[in-house]
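Both ligands and their constituent atoms are indexed starting at 1 by order of listing.
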Amino acid sequence: MRISELETPAILIDLDIMDRNLKRVADYARANDLIVKPHTKTHKIPALARRQMELGAAGVTVAKVGEAEVMLEANPPELYVAYPVIGRSKIERLIAVARKTRVTVGLDSLFAARQLSDAARAAQVSLRILAEVDAGMGRVGVSPGEELISLGRQISNLPWLELQGITFYPGHIQTTGDEAFTTQLKELATLVQTITTDWKRAGLPLHIVSGGSTPTLFQSHQIRGMTEIRPGTYIFNDRNTWAIGACSYEDCAASILTTVVSTARPNQIIVDGGTKTFSSDRQAASSEVSFGYIIEAPEAVLSKMNEEHGYIDLRGRETALSVGDRIRIIPNHICAAMNLHEQVYGIRGSEVVETWRVAGRGKLQ
Ligand SMILES: Cc1ncc(COP(=O)(O)O)c(C=O)c1O
């Protein structure tokens with residue numbers, strides 16, 4: 001099928017760019033002795049998880065148990081649930097997953113650890129655990145120092161839990177190449193050194209130090225002691241990854257094909273995708289309100305959205321675009337956009353060569 005035959009709005013994945021993104025990370029990780037467990041929250045498609053593992057990923061990462069269930073289809077030898085799993089029925093589902101593959105869970109409370117330990121004992125299935133430390137994002141994770149060591153000790157005392165080490169997510173680092181980036185990276189490196197030294201001194205097991213993100217991806221070797229990385233967005237990249245300099249325009253594999261449905265109002269065109277197509281994520285590193293980069297008209301701005309309408313402000317310029325024309329827009333945040341679409345299309349040139357169901361979309365539980 002040709003792209004011109006697709007109904008819109010539709011997410012297009014340029015497979016040559018995607019493969020290049022995956023290979024670059026595989027090569028980098030191999031050269032720097034880092035294990036890759038890509039975060040599949042970006043694509044939510046088992047076939048793409050398989051592709052990541054074909055290129056050397058040791059397993060996959062997910063946030064939610066529902067995503068873990070979906071990713072079993074990719075047969076990952078290891079599955080890291082990088083999110084505290086709380087609540088009995090969820091833990092039962094997690095245990096069912098753990099009967100099929102090796103599961104590791106990140107957590108930051110004794111409450112979460114106890115619940116897992118109780119369920120693991122009842123099911124006679126051991127679970128691998130990483131203690132989550134806050135590396136500066138201020139989201140989840142205990143504070144470095146005594147809190148982390150104490151959590152580690154408590155976990156290691158619980159039956160049926162196998163403490164493997166430490167996990168963190170440097171989501172606070174959202175620039176690249178500038179002074180702030182260098183400083184934040186140095187601080188992170190120092191923090192990880194201190195944490196791992198203290199942890200070992202406390203006699204706690206340290207087989208895994210899990211971290212990584214797309215903005216910090218190619219600087220991961222500077223975080224000495226980190227053993228594995230879990231980048232997610234890197235498979236496609238998006239406008240925000242590009243805006244912060246963590247990739248170039250040429251590395252953006254995903255765009256959303258839309259159709260111009262109205263030019264009735266002056267200085268404006270309307271396309272057939274709004275917040276239910278793109279998500280409402282704002283543009284990073286800019287005060288401009290814009291929800292994507294318009295490939296065919298870079299000077300125009302996707303400045304406003306309703307659920308199904310995207311308002312393109314022509315900024316007073318003439319445009320050759322008319323009703324029925326199709327334009328591709330690189331979304332600000334591809335992970336959130338993927339979650340909104342039932343299927344996406346892999347393209348090479350003007351041909352659609354793959355149609356993937358986004359099997360993990362909406363798997364929030
Ligand atoms: C815990 C965790 N690990 C890894 C990632 C992947 O980050 P990125 O998409 O920047 O590669 C995320 C992203 O949200 C995350 O929350």
Exercise. Run the numbers on Arg128 and Glu162 for salt bridge (Lys or Arg N to Asp or Glu O under 4.0 Å), then give the verdict.
Key: CA-CA 5 Å; Arg128 291 154 49 106; Glu162 295 170 10; 5.2 Å; no
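- Using a 4.0 Å cut-off between charged side-chain N and carboxylate O, Asp27 and Arg30 make a salt bridge.
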Tabulating one pair per line, provide the atom names and distances (0.1 Å) for every N/O atom of ligand 1 that is less than 3.5 Å from a protein N/O atom.
| from | atom 1 | to | atom 2 | distance (Å) |
| --- | --- | --- | --- | --- |
| ligand 1 | 3 (N) | Arg230 | NE | 3.2 |
| ligand 1 | 3 (N) | Arg230 | NH2 | 3.0 |
| ligand 1 | 7 (O) | Tyr169 | OH | 3.2 |
| ligand 1 | 9 (O) | Lys41 | NZ | 3.1 |
| ligand 1 | 9 (O) | Thr233 | N | 3.1 |
| ligand 1 | 9 (O) | Thr233 | OG1 | 2.5 |
| ligand 1 | 10 (O) | Thr214 | N | 3.0 |
| ligand 1 | 11 (O) | Thr214 | N | 2.9 |
| ligand 1 | 11 (O) | Thr214 | OG1 | 2.6 |
| ligand 1 | 11 (O) | Gly232 | N | 2.6 |
| ligand 1 | 11 (O) | Thr233 | N | 3.4 |
| ligand 1 | 14 (O) | Lys41 | NZ | 3.2 |
| ligand 1 | 16 (O) | Arg139 | NH2 | 2.9 |

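- With respect to the salt-bridge test (charged N to carboxylate O, under 4.0 angstrom), the residues Arg51 and Glu54 qualify.
- Exactly one of Glu132, Met226, Glu228, Gln164 qualifies for a side-chain contact (heavy atoms from CB on, under 4.5 Å) with Ser210. That residue is Glu228.
- Here the rule is ring pair (Phe, Tyr, Trp, His ring centres under 6.0 Å) with Trp242, and of Tyr234, Tyr249, Phe236 only Tyr249 fits it.
- Aromatic pair His333/Phe278: centroids not less than 6.0 angstrom apart.
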